[in-house]
Amino acid sequence: MKYEDVMKLALERGFYFPSCEIYADAQAGFWEYGPSGVGLKNKFLELWRRELVRRDGMLEIDGSQIMSESVFEASGHLGNFTDPIIKCTNCKATFRADRTIAEISNIEIPESAELIEFDNAIKGNNIKCPKCKGNFENTKKFNMMFKVGIGPEEETAYLRPETCQSIFVDFPRLFKIMRGKLPLGIAQIGKSFRNEISPRQSLLRLREFYQAEIEVFCNPKKLNEMEKFLQIQNTILRIQTDDEPVTLTCKEAVESGVIPNKFVAYYLGILTEFYEKTGVDIKKSRFRKLGEKEKAFYAEVAFDFEIETTIGWLELVACNYRSDYDLSSHATKSKEKFEVMDNDEKVLPHVFEISMGIDRSLYTILEHSLREDKENERTVLSLKPYLSPIHVGILSLVKKDGLKEKTDEIYFQIKRKFDAFLDHSGAIGRRYRRLDEIGSPFAITVDHQTLEDDTITIRMRDSMEQKRMKISELSSILSEYTAFP
RNA sequence: GCGGAGUUAGUUUAGUCUGGUAUAACGUCAGCUUCCCAAGCUGAAGGCCGCGGGUUCAAAUCCCGCACUCCGCACCA
């Protein structure tokens, strides 16, 4: 289904909607999750914890969203997260200074250079606006971080533009107190903030967004000593390099050199297995190996995990080998020691990062799960049962003859254990359709036979089939059907 | 940020040219009916027509500004 269809579902069924929408001064790039969206998100994150954090024995933390200026001096964000921007005095169009200069004059100026260097290059080479041939204003810096003032003196701090800096800053303590051993994964779910120039497409380009990040700390000399690699060596990866896209197992990817080592391949493998379980169409996914110019300033090797949707390929996860960039920067800036013992060897760990965009992942799950069942005239959200905001609808066939009371009784029995939704109103078919649209995989219905023999029917969302079963079996059957894989 | 198109009920939308406070469908709620898949009947709720200003006796409608949404460009460390 298309973007517009997902948007309509999101607005009508409470998955997500614009923030502060009743006020005219609401800013772009901020969206809220409604009840259905929160249900889906919580379950998606639970799956992430199971398939990545718990599977690999990682540690999870929850850090501050506001962090001090020093953090971002060390991380490089104050220097590098800034784009040099030039604006045309005539048509007001804005361009990246370094790229515009490079395109027109072939002069390469690093984006972190002093502003005067860009101005000199523009004047010296008579560079004009590519659109209207107008003159440029002086180069300015545009920093994508939100600055905040702390306390009455408004001391400078920033909303984090990525969650992972907490992980680096906390690493020395965590390694000591949690009896860390390399390789060690540290994970975090939380919000990040970026002052995007033009937010677009609801959940896909936000100014305030959720990330689930993992930083795996490792000994750089041991990137091929990976016993766990056996678990995923036959897992199939789709990899896009500069040449043709290739489909190969993790083992083949390492042997052919497409992926540099077993360590990186292992994490790309478990990431793939995680996304398979979210119900997205994994055949429409790829790891795109980034070229030198595309990579982030801190990355040595980088793969973007991308999924094809109706509005193009979306980047869901950035996988970066960040080397010791972060730890050595923070070590220098803070004078804290970041070296740890790996058996008898003292090492400054390297870092491999798996930085997941949660909002984009949720959009993709919705788009890939939503379908029109023309034969039965219904819209169905075929979510995996363990990801559905509602596990089961509890319905009375009709309200009278005590069926309502019996239905209520069943609802009260199970509502703390499952996400159940009680509904008595309207035709039974309409209630089934409503549940189909929010992805509830099951509906149980109380009918007259229930009053005689304590049995109910359970209806399957995808097949619309029904089976009769005993009320006493309901809890254990639902547990089985809605369990995480 | 630039260019284009839009913004009317929960959703989709008519009305805007030609000024007189708004149309329909679906959805929602209540009742009747109904013994399993959006049926039917009766009734009801729901709109500062994106926001602000101007013109006018009178503005959803004309004019100006702004915001937001979508598309394209640029941007996406």
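Chain letters run A, B, ... following the sequence lines, proteins first and then strands; every chain starts at 1. Remember, predicted model here, so these are calculated numbers, not experimental data.
The nearest whole Å value for the distance from the CZ atom in A:R378 to the C1' atom in B:C36 is 14 Å. Between the CZ atom of A:R461 and the C1' atom of B:C36 there is a distance of 19 Å, given to the nearest Å. Rounded to an integer number of Å, the gap from CD of A:E437 to C1' of B:C37 is 14 Å. The interatomic distance linking A:K8 (NZ) with B:G27 (C1') rounds to 9 Å, in whole Å. Rounding to whole angstrom units, CD1 of residue A:I22 and C1' of B:G47 are separated by 15 Å.
A:F209 is not listed as a side-chain neighbour of A:F30, based on a closest heavy-atom distance of 4.5 Å or more. Put simply, the side chain of A:V392 reaches to within 4.5 Å of the side chain of A:L478, judged on heavy atoms. In this structure, the side chains of A:Y33 and A:F15 stay at 4.5 Å or more apart for every pair of heavy atoms. In this structure the side chain of A:Q65 reaches within 4.5 angstrom of the side chain of A:F193, judged on heavy atoms. Between A:L268 and A:F303 there is a side-chain heavy-atom pair separated by less than 4.5 Å.
Between A:E377 and A:E315, it is A:E377 whose nearest contact on RNA chain B lies nearer the 5' terminus. Comparing A:E4 and A:L397 along RNA chain B, the residue whose closest nucleotide (by nearest heavy atom) sits nearer the 5' end is A:L397.
Checked against the 6.0 Å centroid criterion, the rings of A:F274 and A:F44 qualify as a close aromatic pair.
A:S198 contributes no side-chain N or O that forms a donor-acceptor pair with the base of B:C75 under 3.5 Å. Judged by atom type and distance alone, A:D447 reaches the base of B:C36 through a side-chain donor-acceptor pair under 3.5 Å. No hydrogens or angles were tested; on distance alone, nothing pairs the side chain of A:R13 with the base of B:G27 as donor and acceptor under 3.5 Å.
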Short heteroatom pairs, N/O only, protein and nucleotides 30-32 of chain B, under 3.5 Å:
none

Write down the protein N/O and nucleotide N/O pairs, taken from nucleotides 67-69 of chain B, whose separation is under 3.5 Å; answer none if there are no such pairs.
residue, atom, partner, partner atom, Å
B:A67, O2', A:A24, O, 2.8
B:A67, O2', A:A26, O, 3.4
B:C68, OP1, A:A28, N, 3.1

Return the polar atom pairs (N/O with N/O) between nucleotides 4-6 of chain B and the protein under 3.5 Å, or none.
none

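Contact check on A:R461 versus A:D436 returns no salt bridge, with no Lys/Arg side-chain nitrogen under 4.0 Å from an Asp/Glu carboxylate oxygen. Between A:E465 and A:R459, none of the side-chain N atoms (NZ, or NE/NH1/NH2) sits under 4.0 Å from a carboxylate O, so this pair counts as no salt bridge.
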Dot-bracket encoding per residue of RNA chain B, Watson-Crick/G-U cut-off under 3.5 Å, | denoting interstrand: (((((((..(((.......[...))).(((((.......))))).....(((((..]....))))))))))))....
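Within the structure, ring-ring contact (aromatic ring centres under 6.0 Å, His included) pairs that include any residue of residues 381-415 of chain A comprise A:Y386-A:F484 (at least two apart or interchain).
Counting only N and O atoms by type, the side chains of A:Y158 and A:S68 include no donor and acceptor under 3.5 Å apart.
Within the structure, every side-chain polar atom (N or O) of A:K400 is placed at least 4.0 Å from both OP1 and OP2 of B:C35.
Sorted by residue number, the members of residues 426-435 of chain A with any non-hydrogen atom under 4.0 Å from RNA chain B read A:A427, A:I428, A:G429, A:R430, A:Y432, A:R433, A:R434.
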